[in-house]
Amino acid sequence: MIQALIVDDQELFRESLKVVLGVSPEIIVTDAVPGVAEALKSAARNRPDVVLMDIRMPGMDGVEGTRLIKERFPNIKVIILTTFDDDEYVFGALKYGASGYLLKGSSISELSKAIRIAYSGGAMINPDIASKMIRQFSQMAKNAACINVDDEAAKEIKNSEWEIIRAVGRGKSNREIAQELCLSEGTVRNSISGVLFKLNLRDRTQLAIWAVQTGVVNRGAV
C-alpha cells in the first residue's frame with residue numbers, strides 16, 4: 001500500500017483529491033494539509049511514501065516545500081501539482097529532488113500512475129510541461145556560465161559511461177537509462193556518481209548542462 005500526503009491551500013481541491021485517491025486499492029491518503037508547515041509535521045508523524053505538492057501556495061510555495069521535505073525526509077517522493085502557466089517554477093522543484101510535474105487537471109489514472117512511478121523510484125512529467133522544460137533547459141544550458149571539465153579527467157571516462165552521460169544530457173531518468181542500456185538502476189546510479197567524481201562536478205544538473213554545452217549529448221560512441 002502506497003501512503004500519500006496531499007498539500008494544497010485550496011480546501012475543496014485537496015478534499016476532492018483525497019476522495020478520488022481513496023478509490024484506488026493501492027493508495028491510502030495519510031493526510032491532506034493546507035501548507036508546507038503542516039506538511040512537515042504530517043510527514044514527521046506519518047512518514048508517507050509520496051507527497052502531492054501544490055506549487056502555488058501562500059507563504060512557502062511548493063518549490064521551498066520540496067526542498068524542506070527532501071532535506072528532512074530524503075526517502076519521501078514529491079510530485080508537483082501545477083498549472084500550465086507556472087513557468088517560473090518549472091525547474092525549481094526538480095532541482096530540489098521532485099519526482100515530476102503533473103497538471104492539476106490530470107485524470108485519475110494519470111495521477112495514480114504518477115504516484116506508482118514515483119514510489120518505485122521513477123519520475124513522471126506531463127508531456128505538455130516536458131516540452132516546455134526541454135525548451136527552457138536548452139536555453140539555460142546555452143546561457144549558463146560555461147562548466148569546465150579537465151581534459152585529462154574526461155579521458156578517464158569509459159565508453160559505457162559516455163552512453164550514460166549522453167542519456168543524462170537528454171533528460172533521461174535513471175530508470176529510463178537503465179531500460180535503454182539494459183542495466184540495473186543501481187548500476188546507472190553508481191555510474192553517474194563515479195562520473196561526477198571523475199569530472200569534479202557537483203550534481204546531475206551540472207553534468208547534463210556540460211553534456212549539452214560541449215555537444216557530448218549528440219555524439220556517437222567515444
Side-chain angles (χ1 to χ4, degrees), residues 50 63 66-67 69-71 74-80 82 87 89-102 113-222:
V50 178
V63 173
T66 299
R67 184 184 72 80
I69 288 285
K70 296 299 291 184
E71 198 174 80
N75 292 327
I76 294 178
K77 312 300 183 184
V78 179
I79 297 173
I80 295 299
T82 183
D87 287 19
Y89 298 104
V90 163
F91 283 102
L94 290 181
K95 179 175 69 175
Y96 291 125
S99 295
Y101 277 84
L102 272 184
K113 181 180 179 182
I115 291 173
R116 292 194 302 272
I117 289 174
Y119 176 71
S120 63
M124 183 170 176
I125 299 176
N126 177 275
D128 292 330
I129 298 175
S131 61
K132 179 180 293 190
M133 290 178 67
I134 290 170
R135 290 194 299 271
Q136 290 194 18
F137 179 81
S138 178
Q139 193 60 43
M140 284 172 62
K142 291 176 183 176
N143 296 337
C146 185
I147 295 176
N148 295 311
V149 166
D150 183 76
D151 289 340
E152 292 302 313
K155 290 179 182 178
E156 298 297 315
I157 300 298
K158 303 172 184 176
N159 284 346
S160 58
E161 292 174 325
W162 283 116
E163 291 182 332
I164 291 174
I165 290 171
R166 286 191 288 275
V168 169
R170 293 195 300 271
K172 300 280 187 178
S173 68
N174 286 356
R175 167 167 290 198
E176 290 170 328
I177 296 172
Q179 292 174 341
E180 183 178 303
L181 302 180
C182 298
L183 301 170
S184 70
E185 288 186 59
T187 297
V188 173
R189 186 165 50 249
N190 291 337
S191 294
I192 292 174
S193 295
V195 166
L196 293 176
F197 178 78
K198 288 179 181 179
L199 300 181
N200 195 29
L201 295 176
R202 185 182 64 245
D203 53 33
R204 186 191 192 98
T205 301
Q206 282 196 336
L207 178 61
I209 291 175
W210 176 72
V212 172
Q213 287 180 333
T214 58
V216 169
V217 72
N218 295 317
R219 294 179 195 167
V222 176

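Excluded from the calculations below are hydrogen atoms, water molecules and symmetry mates; all remaining heavy atoms, backbone and side chain alike, are included. Source: prediction; values computed, not measured.
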- Can you list every pair that meets side chain to side chain donor-acceptor pair (under 3.5 Å) and has a residue in residues 181-196, with sequence neighbours left out? Arg175-Glu185, Ser184-Thr187
From [atom1] ([X]) to [atom2] ([Y]), nearest 0.5 Å:
X	Y	atom1	atom2	answer
Ile79	Thr66	CD1	OG1	11.0 Å
Trp210	Ile165	CH2	CD1	5.0 Å
Asn174	Leu183	CG	CG	11.0 Å
Leu199	Ile157	CG	CD1	4.0 Å
Glu180	Lys172	CD	NZ	5.0 Å
Asp150	Glu156	CG	CD	10.0 Å

- Message: I'd like to know whether CG of Asp203 has more than 12 heavy-atom contacts from other residues, nucleotides or ligands below 6.0 angstrom.
- Response: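 Yes, enclosed.
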Considering all heavy atoms of both residues, which atom of [X] and which atom of [Y] are nearest to each other, and what is their separation?
X	Y	value
Lys70	Tyr96	CG-O, 3.3 Å
Gly169	Val212	O-CG2, 3.8 Å
Ala93	Ile80	CB-CG1, 3.6 Å
Leu102	Ala114	CD1-CB, 3.4 Å
Gly122	Ser99	O-CB, 3.9 Å
Ile177	Ala167	CG1-CB, 3.6 Å

- Query: Do Leu181 and Val188 come within less than 4.5 Å of each other through their side chains, counting heavy atoms only?
  - Reply: no
- Message: In the structure I gave you, are the side-chain heavy atoms of Val195 and Val168 within less than 4.5 Å of one another anywhere?
- Response: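 No, every pair of side-chain atoms sits at 4.5 Å or beyond.
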- Item | salt bridge (charged side-chain N to carboxylate O under 4.0 Å, His left out) involving Glu176 - partner list, sequence neighbours excluded |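 Listed in chain order: nothing, the list is empty.
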- Query: Is it true that a side-chain atom of Lys77 and a backbone atom of Ala98 form a donor plus acceptor pair closer than 3.5 Å?
  - Reply: no
- Item | Given Lys198, Lys155, Arg166, the one that forms salt bridge (charged side-chain N to carboxylate O under 4.0 Å, His left out) with Glu161 | Lys198
